[in-house]
Number of protein chains: 2
Amino acid sequence: MLKEERLNYILNEVKVRNRVLLYDIAIKLNVSEDTIRRDLKFLDEQGKIKKVHGGAVSNSFHIYNYKEDDIYAHADKSQIGRKAISLIKEEQVILMSGGTTNLELARLMPDHFPLTIFTPSLPVALQLLEHPNIETIFVGGRLSHEAQIALGGDTLNTLAQVKADVCFLGTGYLDVQEGLTEFDWEVVQLKKSMIRASKRVVALTISEKLSSIQRFKVCDTESIHTLITELPPDSPTLGGFQKIGLEII
Amino acid sequence: MLKEERLNYILNEVKVRNRVLLYDIAIKLNVSEDTIRRDLKFLDEQGKIKKVHGGAVSNSFHIYNYKEDDIYAHADKSQIGRKAISLIKEEQVILMSGGTTNLELARLMPDHFPLTIFTPSLPVALQLLEHPNIETIFVGGRLSHEAQIALGGDTLNTLAQVKADVCFLGTGYLDVQEGLTEFDWEVVQLKKSMIRASKRVVALTISEKLSSIQRFKVCDTESIHTLITELPPDSPTLGGFQKIGLEII
DNA sequence: ATTAATTATGCAATACTTTTCGAGAATTAT
DNA sequence: ATAATTCTCGAAAAGTATTGCATAATTAAT
């Protein structure tokens, strides 16, 4: 039995049972407790589980393939997510695009009141399903291998039938002059449809992606109602956006 | 034995079993462990597998961490998946329901020719995205929290527009007299639509779910063209199905 | 076709990793 | 406090990796 296999087994047990005993796993996998102890320690160091006296427990933070360390600028995105949540009200209909910032928002979504959320993003949808009070509606269509989102005609048609209260647009590049831009033509079409389908458009972006311009244009800066970054609203970096009167959170 | 042959053998083993041991392959292919070690290293450098101490593991395995119920059922499902693949031809349009058997099938899907696959299952879709040659189309709609599949009116409407060559129906309970049954009314509607949308219906089920009956009926046994279980086609357990002339694989 | 260059394989010695075990220290439960 | 369990550590054993080298097989060049 390979170390890798043990690690997988352990991760699965932790996921399913929320806790594991050193002894049980050692018996089950037919190795010494020492070995399992080292495995648990290793997985703990990776942040995948939490080692405790006599075994390990789930880290409850990690569901699915969601690995915080793998997400670039995770702390920033987490903060953006928390700010975004302050905009959400009970019973609202929300539209969420893809990207790791939205994925983080999906993870942080409030649990205590009902919401209806439309998304074309597979990872975001999976994350939303963790929240029992959220009705998640997947906007279907042809899936993009890399981005793991639905794109193309079907998706746009479906979006044309939706009218959401808020749309959270993740990823993308934002510049005061040039507006919101993307490097994938199909993603541009998708975002345009999402903007059309929402009363209020909220752009979520880490400050690093501000003042960057890509090939294709999604919309003018004026079409965006609210901008959320990890920076405080009065940060000089956001000066250009403050000047044109964009709401900044 | 040519190097190419060994590499192909290894890749296939990794794909089917998720892992390989240096020793096993060396014996099987009748070359030294050194050679296999070099092969594994080579394949790792190509990014095709992940080399670990003592062998290698699949690298896409970790991208989506799916739950293997228990090792035995998993082996059965894996075998069912392999049988199902023998039915698939280039360029076909395929419909796949949810469930762990279909998830396993999704994992094992052939990589070397193009396919178009429709599915309402989030985990199956994610798994399919691992295959560059497969065009995956998600049949959108309201998502079920537990089953992680799209259900409801939208989903059924979309399916009404599809005509697939084959439909792989996972999970569910099959009995010669009572036909295919389910315990969730909405899932019944979904499966009915999937059956209507396909020229050929293939039921995938572990033998343990045969002769079980649930509350709601999806279809008669006659509506199913092909049955795949982990058992050999001539197994006495499948006697009832053999008698009515169902194709069994 | 023969030679030279390149690549692939197996072997042996050595280095490295992983696992197990035992004894004592630390922790937890009663 | 006492007993029971779990943890840490070092050493030994088992297993795996690396290296250099000899030989065989393949490819390219003359």
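Protein chains get the first letters and strands the later ones, always in sequence-line order, with residue 1 at the start of each.
- The CG-C1' distance, from A:D44 to D:dC7, rounds to 14 Å in whole Å.
- Summary of helix geometry: the two end axes of the helix from C:dA1-D:dT30 to C:dT30-D:dA1, each defined by five base pairs via their C1' atoms, are inclined to each other by 50° (rounded to 10°).
- Distance A:L2 CG to C:dT17 C1': 14 Å, rounded to the nearest Å.
- When the nucleotides C:dT18, D:dT16, C:dT9 are ranked by their closest atom to the side chain of B:R6, C:dT9 comes out on top.
- With ring centers used as reference points, A:F183 lies 6.0 Å or more from A:F216.
- Residues A:K83 and A:E230 are not paired through a salt bridge, judged by the lack of any N-O separation under 4.0 Å between the basic side chain and the carboxylate.
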Please write out each protein N/O paired with an N/O of nucleotides 20-22 of chain C under 3.5 Å, distance rounded to 0.1 Å.
| residue | atom | partner | partner atom | Å |
| --- | --- | --- | --- | --- |
| C:dT20 | OP1 | A:S32 | N | 3.4 |
| C:dT20 | OP2 | A:S32 | N | 3.0 |
| C:dT20 | OP2 | A:S32 | OG | 2.7 |
| C:dT20 | OP2 | A:T35 | OG1 | 2.2 |
| C:dC21 | N4 | A:D34 | OD2 | 2.7 |

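- The CG atom of A:D39 sits 16 Å away from the C1' atom of D:dC7 (whole-angstrom rounding).
- Atom NE2 of A:H53 and atom C1' of C:dA25 are 12 Å apart (whole Å).
- One distance of note links CZ of A:F168 with CG of A:L87; it measures 5.0 Å at 0.5 Å rounding.
- Taking a cutoff of 4.0 Å between a charged side-chain nitrogen and a carboxylate oxygen, A:E33 and A:R38 do not qualify as a salt bridge.
- Of the possible donor and acceptor atoms, one in the side chain of B:Q92 sits under 3.5 Å from a partner among the backbone N and O of B:K89.
- In this structure, B:E186 pairs ionically with B:R142, as a charged nitrogen and a carboxylate oxygen lie closer than 4.0 Å.
- Regarding A:R37, its CZ atom lies at a distance of 14 Å from the P atom of C:dT27, rounded to whole Å.
- In terms of modelled atom types and a separation under 3.5 Å, the side chain of A:N133 and the main chain of A:D111 share a donor-acceptor contact.
- Across all strands, B:K51 comes closer than 4.0 Å only to sugar-phosphate atoms, never to a base (heavy-atom distances).
- A donor-acceptor pair under 3.5 Å links the side-chain atoms of B:S97 to the main chain of B:G170, judged by distance alone.
- Near DNA chain D, meaning a heavy atom under 4.0 Å away, the residues from residues 19-28 of chain B are B:L22.
- Between A:D34 and A:R37 a salt bridge is recorded (basic side-chain N to carboxylate O distance below 4.0 Å).
- B:E5 places its CD atom 11 Å from the P atom of C:dT9, with the value rounded to the nearest Å.
- In this structure, B:T136 OG1 and B:L126 CG are separated by 9.5 Å, a value rounded to the nearest 0.5 Å.
- Salt-bridge formation is detected for the pair B:E182/B:K191: a Lys NZ or Arg NE/NH1/NH2 atom is positioned less than 4.0 Å from an Asp or Glu carboxylate oxygen.
- Atom NZ in A:K41 sits roughly 14 Å away from atom P in C:dT19 (whole-Å rounding).
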